[in-house]
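As structure tokens, the structure follows; a few thoughts come after it.
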Amino acid sequence: MNSVSVSDANRNFSALPKSYEPEKTEARRRAFWEEQRLFTPDLGKSAEAGTFSIVIPPPNITGNLHMGHALNLTLQDILCRRRRQLGEQVLWVPGADHAGIATQNVVERRLEKEGISRHDLGREAFVERIRQWKDEYGDNIRRQIKAMGASVDWSRERFTLDEGLSRAVRKVFVRLYHEGLIYKGTYIVNWCSRCRTALADDEVEHRPLKGALYLVRYPLEDGSGHILVATTRPETMLGDTALAVHPEDGRHLGLIGKKARLPLLDRLLPIIADPYVDREFGTGVLKVTPAHDPDDWHLGHKHGLEFIRIMDEDGDINDKGGVYRGLSMEKARETVVADLREGGFLKEVRPYEHNVGHCYRCSSVIEPLLSEQWFVAVKSLAEKARAAVPEQTRIFPSSWLKTYYNWLDNIRDWCISRQIWWGHRIPAWTCDACGEQTVREETPQHCPKCSGSSLTQDPDVLDTWFSSALWPFSALGWPDKTPELERFYPTSILVTGFDILFFWVARMMMMGLHFMGEAPFRRCYLHALVRDAQGKKMSKSRGNVIDPLEMTARYGTDSLRFTLASFAAMGRDIRLSEERIEGCRHFMNKIWNAARFALMNAEGLSESPCPDGVRGLHHRWILYRLEELKKLQHAALDEYRFNDAAQGLYRFVWNDLCDWYLELIKTDLRGEERPVAQAVLFAVLRETLVLLHPFIPFITSEIWDALPGRDAVRDIALTPFPAPRDVAAYAGDAGRMELLQGAVTAVRTIRAELNIPPAHKAAALIRPLTPEAHALFEDRRQVLMSLAGLDKLETDPAVEAPKASARSVSCGNEIIVPLAGLVDFAVEAARLDKELAKLDKERAALAAKLANPAFVEKAPAEIVERDRARVTELGEAEVKLRVFREIFSA
RNA sequence: GGGCAGUUAGCUCAGUUGGUGGAGCAUCGCCUUCACACGGCGGGGGCCACAGGUUCAAGUCCUGUACUGCCCACCA
């Protein structure tokens with residue numbers, strides 16, 4: 001350590017303003033971190049202290065950082081910074097996601113404003129346009145991640161659509177294809193007409209919608225009447241190819257095998273029987289539309305029905321819809337219903353609420369549609385993903401386990417082809433000559449079957465989540481055998497929101513296990529959603545969005561980070577309010593001023609570290625409390641109890657360090673005790689800063705660099721997390737501090753309640769319970785007097801108290817404040833009554849408990865003993881107070 | 001229709017293995033005390049949703065009820 005000169009300390013102090021000003025320090029701090037490349041692990045170094053790695057959940061390039069990101073980044077950063085301080089090799093990989101549909105939509109909307117569509121531009125120009133857009137706005141995300149103070153390694157930044165990741169995607173696709181796990185087929189898929197693409201099942205959001213149940217008459221072919229059908233989607237009748245009833249439904253037995261006439265189009269429909277039909281629903285007759293409903297699709301195959309697709313890719317009725325051709329599905333419904341009514345086919349319209357699928361990207365209604373798409377056969381992959389939890393990967397909080405299992409158990413094949421242009425192009429080619437399909441990593445020059453040289457690549461791109469699923473290993477360099485992959489896979493933990501458990505987490509598990517043979521992360525921490533103060537989801541339309549960058553600008557990044565960490569109780573949503581952030585800013589200011597106080601008193605600080613075996617009671621107490629804090633930090637952070645860790649820091653700094661310790665040493669600093677007090681003060685401050693640093697990196701760095709005598713070359717970010725100190729011997733002193741605190745508080749309470757002005761230096765008498773307490777009060781009389789605002793203090797077991805005194809009992813010690821006409825007796829009597837009532841209530845409850853033989857018999861001896869001691873203590877205090885009370889009523 | 005959370009001070013929330021309930025903000029009183037008024041000191045405020053059960057002892061474990069929120073689900 002360097003020695004400290006006075007001028008250093010003075011200069012540092014004068015550099016610190018009275019309040020912490022984050023806006024003046026954060027930019028400089030960020031620049032420094034980046035220049036120093038502090039967060040780039042040195043792979044040349046051995047990793048004996050351990051390794052720790054996280055891949056960032058890559059934010060969409062379209063997006064602005066929202067509170068969810070802020071929380072996500074904060075939690076990861078806390079973990080990473082702490083591990084770095086523990087001496088481990090830490091790699092946190094940053095990056096962004098190309099977000100196929102979302103990004104394409106954003107850019108398309110921009111083009112719309114210019115009056116052009118992507119089709120006007122053509123595929124290549126359009127993709128180029130998005131790339132430009134990405135280059136322009138991608139930096140936005142980067143800047144925002146930096147703003148949060150995230151200690152990521154920018155030298156290893158990745159993008160889900162960069163060249164390396166494209167190679168990974170192609171390799172994965174080809175391998176799965178050859179393993180038979182990727183196939184192409186024609187099935188009912190979820191179709192978003194606005195995005196003009198198919199979607200996976202989990203990309204569809206089901207929302208209740210008020211619609212209607214239409215009862216439609218289908219005339220029987222033989223003219224013997226009609227059959228009544230219930231449907232919520234009358235427009236799809238244009239694609240009906242059968243009617244179905246339950247084979248044991250007595251009402252319709254005679255109809256099976258007959259034919260009905262489709263109203264409006266006049267097509268003949270066979271009436272079939274299938275146990276799938278629910279007799280209870282509607283009329284018990286189901287209209288079958290095999291090309292537009294997943295269940296009807298099954299029926300269609302089972303019964304060999306015709307598949308008539310009536311909708312085109314824009315969501316309009318096609319040629320098959322006769323006169324309805326060209327109408328949107330919505331418009332078609334209106335028209336069909338009107339025509340049915342006019343033709344006398346519509347019997348009834350009942351209001352009916354049911355769930356309707358919506359696109360998770362644009363909220364349009366999803367149409368089930370028969371379409372040829374690529375799929376991943378996920379069953380075997382899902383089984384592996386299921387089996388790996390919790391053995392290989394532990395999920396926190398464990399309440400998500402069931403949800404995870406349940407989803408994997410009921411998973412259906414994953415539709416991965418998207419009819420958009422922005423994304424990883426599917427590496428499949430069709431020979432123009434012979435129609436042979438080739439799936440290869442590199443563009444084939446010739447058809448392997450007919451040697452034709454004219455091949456057309458599949459126009460579709462892959463679901464964004466397909467490339468996201470590879471992120472933990474692709475971001476580390478796979479398929480190359482990189483040192484990063486070698487050292488950091490599997491990653492230590494994945495930190496993400498529970499909302500993408502299925503989209504992302506489960507799929508990473510599948511792909512990681514399949515291609516790397518190991519789960520992609522050892523742990524998975526699913527954090528909550530950030531909501532507004534009323535518990536509502538933040539959204540632009542609601543107007544309740546709290547913008548993280550606005551908050552950091554107003555209160556400082558550390559304030560926001562600390563707020564989020566304090567709220568991050570496992571398994572519960574976060575209700576964020578600006579007031580809370582403001583409260584945390586006060587905490588930052590408190591820390592700042594504690595440091596200022598230390599620096600103001602740094603003059604003459606010897607550079608010796610905190611001496612072992614310091615003697616002062618309060619020193620031993622604060623060191624003891626500090627050790628308890630360290631233990632808490634380890635325990636809490638090892639279990640991701642961020643809120644507990646944050647709260648522990650808050651309490652230690654504010655209640656222990658500032659409220660008591662700094663006040664206690666003020667007298668020391670003016671006298672002979674100064675060197676010891678300084679040494680302990682700075683030792684405690686340094687370690688506290690290191691403990692705080694993972695949560696609030698900016699302010700702690702700023703203070704750290706202002707401290708005298710620090711290791712000049714070492715940044716706080718690389719300063720070892722403080723090792724525990726053996727303070728077992730201090731435990732007794734820590735306990736004795738309570739006597740002191742109790743006495744001080746007792747005098748203060750008397751003064752406050754009797755309205756003795758602070759300016760009035762009172763005198764106090766203490767009648768100690770034991771000789772030890774007596775010695776203690778004598779030993780610390782200076783401090784006691786200054787904290788309680790006394791000008792005179794007498795401690796004596798036999799002290800005679802004047803009648804006109806206010807009295808209290810603390811830990812058995814009698815605290816007496818002679819009043820000498822300062823206050824009237826009635827006020828003091830009332831105060832004593834209140835205190836007595838409080839004691840009495842507690843004592844009565846305990847006494848009742850102890851009177852119960854079952855308790856005394858069955859409860860652990862130490863509990864009984866503790867309660868007995870407490871009851872005795874309360875009894876004694878009560879007796880004393882009662883005596884005082886007598887005096888006043890006499 | 002299944003599954004999962006939640007119901008604790010006026011508000012927003014903590015409460016590890018069961019041992020007489022805490023914080024922030026708000027509120028009331030006093031204080032411009034030489035780190036901090038983004039402060040200090042002191043106070044008030046809670047049948048821990050409801051009903052049972054287990055236990056010597058339940059905010060904490062079990063069962064049920066009532067609300068609230070979320071997720072999943074092909075009944076037209």
Side-chain angles (χ1 to χ4, degrees), chain A residues 16 18-20 188 202 206 213 229-233 236 244 276-278 280-283 285-289 293-298 354-355 368 397 399-400 402-403 406-407 410 498-499 501-502 529 531 533-537 555 559 563 566-567 569 571-577 579-580 582-601 635-636 639 641 643-644 647 650-651 658-659 662-663 666 744-745 748-753 755-759 786-787 789 841-842 845-846 849 852-860 862-864 866-867 870:
Chain A
L16 293 185
K18 205 167 171 180
S19 294
Y20 174 53
I188 295 279
D202 52 1
H206 295 274
L213 191 65
V229 175
T231 179
T232 56
R233 304 181 61 213
T236 62
Y276 163 75
V277 178
D278 182 350
E280 307 299 317
F281 189 89
T283 60
V285 184
L286 175 69
K287 68 189 240 348
V288 186
T289 319
D293 183 280
D295 302 313
D296 294 7
W297 182 86
H298 284 289
H354 62 138
N355 280 327
S399 53
W400 286 105
K402 236 176 160 174
T403 310
N406 191 50
W407 190 76
N410 296 298
F498 64 76
D499 52 325
L501 175 62
F502 305 141
L529 246 48
R531 299 170 183 280
Q534 278 70 48
K536 295 264 179 354
K537 204 166 170 176
Y555 303 104
S559 303
T563 308
S566 318
F567 267 126
R572 271 186 81 148
D573 281 349
I574 293 177
R575 295 195 190 190
L576 189 69
S577 66
E579 289 72 37
R580 190 67 172 254
E582 192 179 359
C584 282
R585 179 184 60 175
H586 297 174
F587 181 50
M588 298 308 124
N589 201 51
K590 193 72 178 173
I591 295 168
W592 185 255
N593 276 289
R596 277 183 75 226
F597 173 80
L599 289 166
M600 288 172 81
N601 291 285
E639 295 166 41
R641 291 178 359 240
N643 58 324
D644 286 344
Q647 184 183 269
Y650 188 97
R651 288 194 172 157
C658 293
D659 287 349
L662 296 188
E663 296 303 324
K666 278 178 181 173
V744 169
T745 302
R748 283 172 175 170
T749 304
I750 289 171
R751 296 183 59 123
E753 296 207 342
N755 290 322
I756 301 171
S786 101
L787 293 190
K841 197 177 156 201
E842 189 184 346
L846 276 175
K849 201 162 135 187
N852 180 358
F855 171 68
V856 179
E857 202 176 305
K858 295 190 177 174
E862 57 178 270
I863 298 289
V864 176
R866 199 197 57 197
D867 285 354
R870 181 71 184 148

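As the structure is a computational prediction, the values presented were derived from the model and not from experiment. In the text below, chain A, chain B and the rest are named by the order of the sequence lines, each starting its count at 1.
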When you check the phosphate oxygens OP1 and OP2 of [N], does a side-chain N or O of [X] lie under 4.0 Å from one of them?
X: A:Lys666; N: B:A35; value: yes
X: A:Arg866; N: B:U20; value: yes
X: A:His586; N: B:G39; value: yes
X: A:Lys402; N: B:C4; value: yes

Given [options], the nucleotide with the shortest approach to the side chain of [X]:
X: A:Asn593; options: B:A35, B:C4, B:G15; answer: B:A35
X: A:Phe855; options: B:G42, B:G19, B:A76; answer: B:G19
X: A:Arg596; options: B:G24, B:A35, B:U20; answer: B:A35
X: A:Asn643; options: B:A73, B:G29, B:G15; answer: B:G15
X: A:Glu753; options: B:G42, B:A76, B:U12; answer: B:G42
X: A:Lys590; options: B:C74, B:A35, B:G42; answer: B:A35
X: A:Lys18; options: B:A37, B:A35, B:G42; answer: B:A37
X: A:Asn589; options: B:C36, B:A76, B:G42; answer: B:C36

- What's the spacing between A:Glu579 CD and A:Thr563 OG1 if we round to 0.5 Å? 11.0 Å
Under 4.0 Å, counting only non-hydrogen atoms across every strand here, what does [X] touch: a base, just sugar-phosphate, or nothing?
X: A:Thr289; result: nothing
X: A:Arg651; result: sugar-phosphate
X: A:Tyr276; result: base
X: A:Cys584; result: nothing
X: A:Leu662; result: base
X: A:Tyr650; result: sugar-phosphate
X: A:Asn852; result: sugar-phosphate
X: A:Glu663; result: base
X: A:Pro860; result: base
X: A:Leu529; result: nothing
X: A:Asp499; result: nothing
X: A:Arg748; result: sugar-phosphate

- Name the residue closer to the 5' end of RNA chain B, choosing between A:Arg585 and A:Asp644 according to the nucleotide with the nearest heavy atom.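 Looking at RNA chain B, the more 5' nearest nucleotide goes with A:Asp644.
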- Item | Position toward the 5' end of RNA chain B (nearest nucleotide), A:Gly583 or A:Pro294 | A:Gly583
- Query: Is RNA chain B part of any stem, that is, at least 3 consecutive Watson-Crick or G-U pairs with both distances under 3.5 Å, and where?
  - Reply: B:1-7 with B:66-72, B:10-13 with B:22-25, B:27-31 with B:39-43, B:49-53 with B:61-65
